[in-house]
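Here, residue 1 is the first one in the sequence, and each next residue gets the next number. Any value given below was found using the heavy atoms of this structure, including those in side chains, with hydrogens, waters and symmetry copies removed.
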Amino acid sequence: MSPEELRRVIDDPAVRGQVAATELVRTLLERIEKAQPRLRAFVTVRADEALAEARRIDAARAAGRRLPLDGLPVAVKDNIDVAGIPATAGSRLFAERIAASDAEVIARLRSAGAILIGKTNLHELAFGATCRNEAFGAVVNPWHAGRIPGGSSGGSGVALAADLCVGAIGTDTGGSVRLPAAFTGVTGLRPTRGAVSNRGVQPVARSLDTVGPMARSAADVAALLEAIAGFDAADPDAVEQPPPDPGALAGGVDGLRIGLPVPFFSDGLHPDVEGAVRRAAAALSELGADVREVSLPGAARAADACGLVIKVEALALHERDLANRPELFEEGTRRRLELARELTAVELARLLQLAAGWRAELRAAFRAVDLLLTPTTPGPPPASDGETVATTAAVVPFTHAFSLGEVPSLSLPCGFDRDGLPIGLQLAGPWWSDYLLLRVARRYQETTDWHLRRPAMAQPSDSISSAAVV
């Protein structure tokens with residue numbers, strides 16, 4: 001399959017359904033082999049297993065049986081358990097760990113007919129935004145090798161951007177799906193907290209962790225969400241409530257009230273980012289949405305509080321290893337964890353009170369508007385040689401705010417900066433409005449082609465892949 005044919009298959013589900021799963025998987029595996037030495041998007045590639053799964057899908061199709069995802073090749077972040085293969089969380093701490101069973105989200109993907117093509121690289125322990133991973137190599141942004149791909153689900157974003165898979169699964173604590181989606185030019189959703197099971201996923205900050213689907217298009221993200229969402233009684237983080245309703249995908253944006261929160265468009269926002277996001281807002285207005293400015297004064301404090309909560313909970317998880325095996329942590333990870341040590345119990349209680357107040361502020365905002373529209377990040381992807389703590393802090397304010405609110409939020413591409421780097425638009429909505437966000441994104445993507453743009457692809461290489469091939 002030529003690169004042009006592959007693009008048509010990825011971009012058009014109708015064309016995709018006419019291509020043998022084995023042909024599509026074989027094409028992707030060949031691309032991964034060539035791209036891996038340059039991009040380092042994968043930790044493990046399931047070549048034999050993926051082809052075997054593709055043959056089963058083709059046999060089922062021949063017998064007249066179609067599953068919801070029907071052979072969709074999916075890359076999975078390496079902090080999510082897939083039975084029988086490594087689950088490293090991108091860290092030397094877990095370099096020898098082999099998952100004993102599938103995470104719940106993997107079991108649901110399999111049941112829906114997805115093909116698991118491999119495990120993707122990430123920022124160590126899913127605790128940072130640079131993906132400058134020392135254990136498995138830094139993940140490279142295919143739009144510009146000198147800029148970060150975002151994190152912590154950077155490998156998933158890069159695999160999508162470079163056409164190495166069709167769908168991907170990441171995790172998002174403070175922005176780890178939305179940041180790489182923005183910086184690699186794809187679409188990624190942080191679902192409503194509790195809508196997707198966290199069972200079988202290495203935690204970062206248990207009170208904020210989510211599993212999120214990623215793809216080029218909002219339509220494919222919606223298909224992935226429908227496959228993985230739903231209550232899991234064995235997951236203590238799950239919420240016993242009907243999952244988001246796919247029926248909300250129907251329709252357009254006519255009459256929807258969309259708020260532009262003033263704090264997200266203040267000083268410090270890169271002009272190229274602001275211009276692209278405001279043009280996207282204008283496009284939605286032309287499609288019939290009622291776009292208006294709204295006040296959201298607690299956003300900055302919420303973002304700061306989210307960062308502290310993540311660090312405190314991550315330190316609680318890793319404190320023993322940090323004391324006994326510090327050499328297994330990257331320097332940037334150690335320093336970010338150490339930032340939590342001075343926080344007192346009283347200060348933590350105040351953070352939790354602030355979080356409750358922020359959720360109340362969001363409830364009030366969502367009585368006035370149906371959803372909120374912001375930039376995903378304050379600027380384009382920073383340089384990849386920047387200091388980890390400072391770089392992470394610089395890119396997370398807009399995603400952190402909605403993480404602390406536990407509401408669904410989605411990043412989708414809306415343009416490019418003057419250097420040709422992708423810009424992300426963030427949509428956030430009330431609890432359980434996941435498909436409303438996807439509906440707006442899908443309508444926007446029907447009238448634009450930002451999500452269809454490709455970076456300069458990795459050149460063929462004779463180098464040995466740094467991913468383990470199983």
Side-chain angles (χ1 to χ4, degrees), residues 7-8 10-16 68 160 166-167 177-178 181-182 185-192 195 212-227 229 243-261 264 273-294 365-366 368-376 398 402 407-416 422-453:
R7 291 179 187 185
R8 286 195 293 273
I10 290 174
D11 294 344
D12 189 340
V15 174
R16 194 185 308 156
L160 288 166
V166 183
V177 160
R178 292 161 289 163
V186 301
T187 305
L189 173 71
R190 174 193 169 92
T192 299
M214 305 171 70
R216 280 198 168 273
S217 71
D220 280 335
V221 170
L224 286 165
L225 178 64
E226 189 167 3
D245 179 13
L249 277 172
V253 301
D254 190 53
L256 278 178
R257 302 165 300 165
I258 299 178
L260 305 183
F264 291 80
V273 172
E274 180 170 8
V277 172
R278 287 196 180 276
R279 285 191 292 273
L284 289 171
S285 179
E286 291 173 3
L287 290 171
D290 173 11
V291 181
R292 61 181 84 165
E293 288 193 345
V294 296
F366 289 130
V369 295
D370 297 301
L371 55 86
L372 298 167
L373 185 157
T374 78
T376 307
F398 298 167
F402 297 117
V407 297
S409 45
L410 173 80
S411 180
L412 64 153
C414 67
F416 293 85
I423 294 170
L425 158 72
Q426 182 174 226
L427 298 172
W431 295 262
W432 308 100
S433 67
D434 307 56
Y435 286 104
L436 174 62
L437 303 182
L438 289 163
R439 180 174 106 203
V440 174
R442 187 177 68 175
R443 186 70 185 97
Y444 177 74
Q445 290 179 343
E446 288 171 350
T447 62
T448 64
D449 70 348
W450 304 120
H451 64 296
L452 304 179
R453 306 285 183 94

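- Gln445 is linked by a side chain to side chain donor-acceptor pair (under 3.5 Å) to Thr187, counting only residues two or more places apart in sequence or in another chain.
- For residues 247-259, every residue pair satisfying the salt bridge (Lys or Arg N to Asp or Glu O under 4.0 Å) rule, not counting sequence neighbours, is listed here: Arg257-Asp370.
- The heavy-atom pair separating Gly424 from Ser411 by the smallest distance is CA-OG, 4.1 Å.
- To the nearest 0.5 angstrom, Leu287 atom CG is 5.0 Å from Thr447 atom OG1.
- Nearest heavy-atom pair, Ala289 versus Ile258, reported as atom, atom and distance to 0.1 Å: CB-CD1, 3.7 Å.
- Nearest heavy atom pair, residue Asp220 against residue Ser217, reads N-OG, 3.1 Å.
- Sorted by first and then second residue, the pairs that involve residues 429-447 and meet salt bridge (Lys or Arg N to Asp or Glu O under 4.0 Å), not counting sequence neighbours, are Arg443-Glu446.
- Side-chain contact check for Phe398 versus Gln426: some heavy-atom pair is nearer than 4.5 Å.
- Residues passing the ring pair (Phe, Tyr, Trp, His ring centres under 6.0 Å) test with Phe366, sequence neighbours excluded: none.
- The two atoms that bring Ala441 and Leu410 nearest to each other are CB-CD2, 3.4 Å, heavy atoms only.
- Remark: of the listed residues Leu373, Val273, Val277, Thr376, Val277 is the sole one forming a side-chain contact (heavy atoms from CB on, under 4.5 Å) with Cys414.
- The distance from atom CG of Leu412 to atom OG1 of Thr448, rounded to the nearest 0.5 Å, is 7.5 Å.
- Listed by chain and residue number, nothing satisfies the ring pair (Phe, Tyr, Trp, His ring centres under 6.0 Å) test with Tyr435 (two or more places apart in sequence, or in another chain).
- Summarising the geometry of Gly429 relative to Val407, their closest heavy-atom pair is O-CB, 3.2 Å, with the distance given to 0.1 Å.
- The backbone N or O of Ala428 lies less than 3.5 Å from no partner atom in the side chain of Ser409, so there is not a single donor-acceptor pair.
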For a side chain to side chain contact (heavy atoms under 4.5 Å, CB included) check, start with the C-alpha distance between Leu249 and Glu226, then their side-chain angles and the critical distance, and finish with the verdict.
CA-CA 11 Å; Leu249 277 172; Glu226 189 167 3; 5.9 Å; no

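- Scanning both residues, Trp432 and Ala195, for their nearest heavy atoms gives CZ3-CB, 3.6 Å.
- When the side-chain contact (heavy atoms from CB on, under 4.5 Å) test is applied to Val294, the partners found at least two apart in sequence or on another chain are Pro261, Arg292, Val369, Leu372.
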Does Met214 form a side chain to side chain contact (heavy atoms under 4.5 Å, CB included) with Val177? I'd like the steps, not just the answer.
CA-CA 7 Å; Met214 305 171 70; Val177 160; 3.7 Å; yes

